Undergrad: 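First the structure, then my questions, so here it is.
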Amino acid sequence: MLTVHHTVAYLVLAVTLLSADWGGLAYFRPSGAGGVVAHLLTLSQTILVAQVGIGLLLVSDDRQAGDELHYAYGTFALMAVLAPWFYAPKEPRRRLAWFSIATLVAAALAVRAYTTA
C-alpha cells in the first residue's frame, strides 16, 4: 500500500501541475477553455482525493509519516482544490482562474507534502 501511495504521489504532482498550466493557458486564450481543461482539473481533484484516502488507509494500518507536517500539507492540498467549489464566481472565465490557481496551490502543497514524507 505504501508503494501505491508513492506512485499516486507522482501522479498528483504531474496532473496538478499539468492541469494548472493548461488552465492558465486556457484563461489567456480568447477562444475559451474547452472540455479538456475541465477534465484535467477534475482529474487532479480526483487523484488528490484518492491520495488522501490511501494515506488515511496507511494511518489506519498504523504506518506513520516521518514528519507530522506531511498530514497538514496533504490536507491543505485537498482543501485547496475543493475550495473553489464553494467560493468561485459563476462567470466562467473567472471560475476557470479560481480553479487553475487553486490547483497550482495544491501542486505546491503536494510538493511540500512529498518532501516531508
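Given the structure is predicted, the values throughout are model-derived calculations rather than measurements.
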Undergrad: For Ala102 and Pro84, which heavy atoms make the closest approach, and how far apart are they?
TA: CB-CG, 3.4 Å
Undergrad: In terms of hydrophobic clustering (I, L, V, M, F, W, Y; side-chain heavy atoms under 4.5 Å; direct or indirect links), are Val111 and Leu48 co-clustered?
TA: no
Undergrad: Taking only residues two or more places apart in sequence or in another chain, which ones pass side chain to side chain donor-acceptor pair (under 3.5 Å) with Tyr27?
TA: none
Undergrad: To the closest 0.5 Å, what do you measure between CH2 (Trp22) and CG (Leu40)?
TA: 6.0 Å
Undergrad: Might you point out which heavy atoms bring Val105 and Ala80 nearest each other, and give the distance in Å?
TA: CG1-CB, 4.2 Å
Undergrad: Can you get from Leu13 to Val4 by hopping between Ile, Leu, Val, Met, Phe, Trp and Tyr side chains that sit under 4.5 Å apart?
TA: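 No, because Leu13 and Val4 fall into different hydrophobic clusters, even though each may have its own neighbours under 4.5 Å.
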Undergrad: Any chance you could measure Leu57, atom CG, to Asp61, atom CG, to the nearest 0.5 Å?
TA: 8.5 Å
Undergrad: Output every pair passing side-chain hydrogen bond (donor to acceptor under 3.5 Å, both in side chains) with a member in residues 2-16, not counting sequence neighbours, ordered by first then second residue.
TA: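 Found His5-Gln51, Tyr10-Tyr114.
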Undergrad: State plainly whether one hydrophobic cluster holds both Leu56 and Val81, where clusters connect Ile, Leu, Val, Met, Phe, Trp and Tyr through side-chain heavy atoms under 4.5 angstrom apart.
TA: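 In one cluster: yes.
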Undergrad: To the closest 0.5 Å, what do you measure between OG1 (Thr46) and CG (Leu41)?
TA: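 The CG atom of Leu41 is 10.5 Å from OG1 of Thr46, to the nearest 0.5 Å.
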Undergrad: Please report the interatomic distance OH(Tyr71) to OG1(Thr116), rounded to the nearest 0.5 Å.
TA: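 Here the interatomic distance stands at 9.5 Å.
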Undergrad: Can you pull the side-chain hydrogen bond (donor to acceptor under 3.5 Å, both in side chains) pairs that have at least one residue in residues 77-96, sequence neighbours excluded?
TA: Gln45-Trp85
Undergrad: Which residue, Val15, Leu11, Leu18, forms the side chain to side chain contact (heavy atoms under 4.5 Å, CB included) with Leu43?
TA: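 It is Val15, the one option of Val15, Leu11, Leu18 that forms the side chain to side chain contact (heavy atoms under 4.5 Å, CB included) with Leu43.
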Undergrad: Quick one: closest heavy-atom pair of Ala20 and Ser100, and the distance?
TA: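 Looks like CB-O, 3.7 Å.
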Undergrad: Let me check something: do Val52 and Leu58 share a hydrophobic cluster, defined by ILVMFWY side-chain heavy atoms less than 4.5 Å apart, either directly or through other members?
TA: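 Cluster IDs for Val52 and Leu58 match.
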Undergrad: Treating Asp67 as the side-chain partner and Leu69 as the backbone partner, does any N or O pair qualify as donor plus acceptor under 3.5 Å?
TA: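 A pair under 3.5 Å: yes.
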Undergrad: Does one hydrophobic cluster hold both Val49 and Met79, with members joined at side-chain heavy-atom distances below 4.5 Å?
TA: no
Undergrad: Ignoring hydrogens and angles, tell me if any N or O in the side chain of Tyr73 forms a donor-acceptor pair with the backbone of Thr115 under 3.5 Å.
TA: no
Undergrad: Does atom CD of Glu68 have more than 12 heavy-atom neighbours from other groups under 6.0 Å away?
TA: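 Atom CD in Glu68 is not crowded, with 12 or fewer foreign heavy atoms closer than 6.0 Å.
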